[in-house]
Amino acid sequence: METKLIDGKQIAREIRAELKEKIASYAEKGLPAPKMVVILVGEDPASKVYVANKEKACGWIHMQSETIRMPEETTQEELLSVIRRLNEDDTVNGILVQLPVPKHIDSEAVLMAIDPAKDVDGFHVVNTGKLFTGASGGMVSCTPSGIVEMIKRSGISIEGKHCVIAGRSNIVGKPMALLMLQENATVTICHSRTTDIGRYTRDADIFIAAVGKPKMFGADMVKEGAVVIDVGIHRTEDGLCGDTDFDAMLGKVAAITPVPGGVGPMTIAMLLANCVKAYESQMGLKA
Ligand code: NAP
């Protein structure tokens, strides 16, 4: 079987082009560009790279961006007071606190302090609650919403399929399951306590791997003709890899996302899309 590569980089490029066009059309009407503010606390090297990538992506579509860098010793109250100020600031449409925050700060309290209407990461309980009930207008976590978008734009139908998700984190696995349910898939969620995980993964029409373990899933763990979405990203001696054994899957599965160039670029594209959505709703514009 020929395996189709799901090109997240290309699909993300298309989404960015659509957003850029929207922002340009608002500019023509004399409206300001949407603005995203990212708060980075401390010196985590990976976080610095992620934040730089987000700034760059905002620039590509002519969205305004600002990064507030705060030292490692920032207190929780200091961080909360910055968030409160941004919540009140009408020129700011999206707020994101880069995780992880230093250990002395309660990340839950920080995420709940962000105005849900500006919560472009979609982590606030108001937004996760809207996802749970299927209410409209909420912000959805960027990695899972990017995956749904990528599957749809690749012409793969979801309805009626058995979707098996390995991983149940609040950021990926759980919202992923809810979104696939919304798309009328039949969903199975596996995790570290699942016994005989292959029993489930081998039955998947769409298999989403989000466990954070390099190449944990080989070709023997999926069925022929499945669609494989690999969320994992790991730096190894042989370069970057995902949670699945990409090379082994080729020829067996119908479609697969590469690492890098699959889910990663989609996550940032959806972050931009969330900020434009927040802007449109705050400005009273019709999306
Ligand atoms: P996480 O919070 O560490 O969650 C991992 C999940 O996998 C947990 O639910 C865990 O189960 C489960 N798990 C761990 N070992 C397992 C095993 N041996 N068998 C079955 N399940 C197992 O990670 P995450 O934030 O969801 O991220 C997952 C991966 O995606 C990471 O590699 C991360 O770097 C990557 N990621 C990529 C992007 C992107 O944009 N490309 C975005 C987010 C995350 P328990 O709940 O039982 O512990």
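Reckoned from all heavy atoms, side chains included, excluding hydrogens, waters and symmetry mates. Counting starts at 1 for both ligands and their atoms, following the listed order.
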Check your understanding: Taking the inter-plane angle between the rings of Phe217 and Phe207 on a 0 to 90° scale, is it parallel (under 30°), tilted (30 to 60°) or perpendicular (over 60°)?
Key -> perpendicular

Practice item. May I ask whether atom 3 (O) of ligand 1 is less than 4.0 Å from at least one protein heavy atom? Key: no

Practice item. Ignoring hydrogens, just give me the one of Ala46, Gly242, Cys142, Ala210 whose non-hydrogen atom is nearest atom 6 (C) of ligand 1. Key: Ala210

Point to revise | Heavy atom of the protein closest to atom 26 (O) of ligand 1 (residue, atom name, distance) | key: Ser169 OG, 2.5 Å

**Study point:** From OG1 (Thr188) to NE2 (His162), nearest 0.5 Å
**Key:** 2.5 Å

Exercise for review: Using a 4.5 Å cut-off on heavy atoms from C-beta on, say whether the side chain of Val126 contacts that of Asp119.
Suggested key: no

Revision key, fill the gap. Closest heavy-atom approach to atom 17 (C) of ligand 1 among Met266, Met270, Met216 is made by Met216

Review point. Which is closest to atom 44 (C) of ligand 1 by heavy-atom distance: Asp230, Leu99, Val172?
Key: Val172

Study note, to complete from the structure: among protein heavy atoms, the one nearest atom 35 (C) of ligand 1 is Val231 O, 3.4 Å

Check your understanding: In terms of residue, atom name and distance, what is the protein heavy atom nearest to atom 42 (C) of ligand 1?
Key -> Thr143 OG1, 3.2 Å

Review point. Under 4.0 angstrom from ligand 1, any heavy atom of Ile171?
Key: no

Point to revise | Minimum-distance protein heavy atom relative to atom 31 (C) of ligand 1 | key: Gly212 CA, 3.6 Å

Check your understanding: Does the side chain of Leu99 come within less than 4.5 Å of Leu111's, by heavy atoms?
Key -> yes

Exercise for review: Answer yes or no: does an N/O atom from Thr267 fall short of 3.5 Å to an N/O atom of ligand 1?
Suggested key: yes

Point to revise | Protein contact of atom 34 (O) of ligand 1 - nearest heavy atom, named by residue and atom, plus distance | key: Ile233 CG2, 3.9 Å

Practice item. Would you mind telling me which of Ile229, Thr143, Ile165 makes a side chain to side chain contact (heavy atoms under 4.5 Å, CB included) with Met176? Key: Ile165

Exercise for review: Determine whether Arg202 and Asp196 make a side-chain contact, defined as any pair of heavy atoms from C-beta on separated by less than 4.5 Å.
Suggested key: yes

Exercise for review: Using a 4.5 Å cut-off on heavy atoms from C-beta on, say whether the side chain of Met266 contacts that of Ile147.
Suggested key: no

Review point. Should one rank Pro265, Gly8, Ser192, Gly146 by closest heavy-atom distance to atom 10 (C) of ligand 1, which comes out on top?
Key: Ser192

Revision key, fill the gap. Atom 46 (O) of ligand 1 sits nearest the protein heavy atom Arg168 NE, 2.7 Å

**Study point:** Close approach, Cys190 and ligand 1, non-hydrogen under 4.0 angstrom
**Key:** no

Practice item. Take Arg84 and Glu77 through the test salt bridge (charged side-chain N to carboxylate O under 4.0 Å, His left out) and record every step on the way to the result. Key: CA-CA 10 Å; Arg84 283 194 287 266; Glu77 191 41 46; 2.4 Å; yes

Review point. Any idea which heavy atoms bring Pro265 and Gly8 closest together, and the distance?
Key: CB-O, 4.0 Å

Review point. Which protein non-hydrogen atom lies closest to atom 14 (C) of ligand 1, naming both residue and atom, and how far is it?
Key: Val211 O, 3.7 Å

Review point. Of the backbone atoms (N, CA, C, O) and the side-chain heavy atoms from C-beta on, which set of Thr194 has a member under 4.0 Å from an atom of ligand 1: side chain, backbone, both, or neither?
Key: neither

Review point. To the nearest 0.1 Å, how far is atom 15 (N) of ligand 1 from its closest protein heavy atom, and which atom is that?
Key: Lys213 CE, 3.3 Å

Check your understanding: So is His234 close enough to ligand 1, meaning a heavy atom under 4.0 angstrom away?
Key -> yes

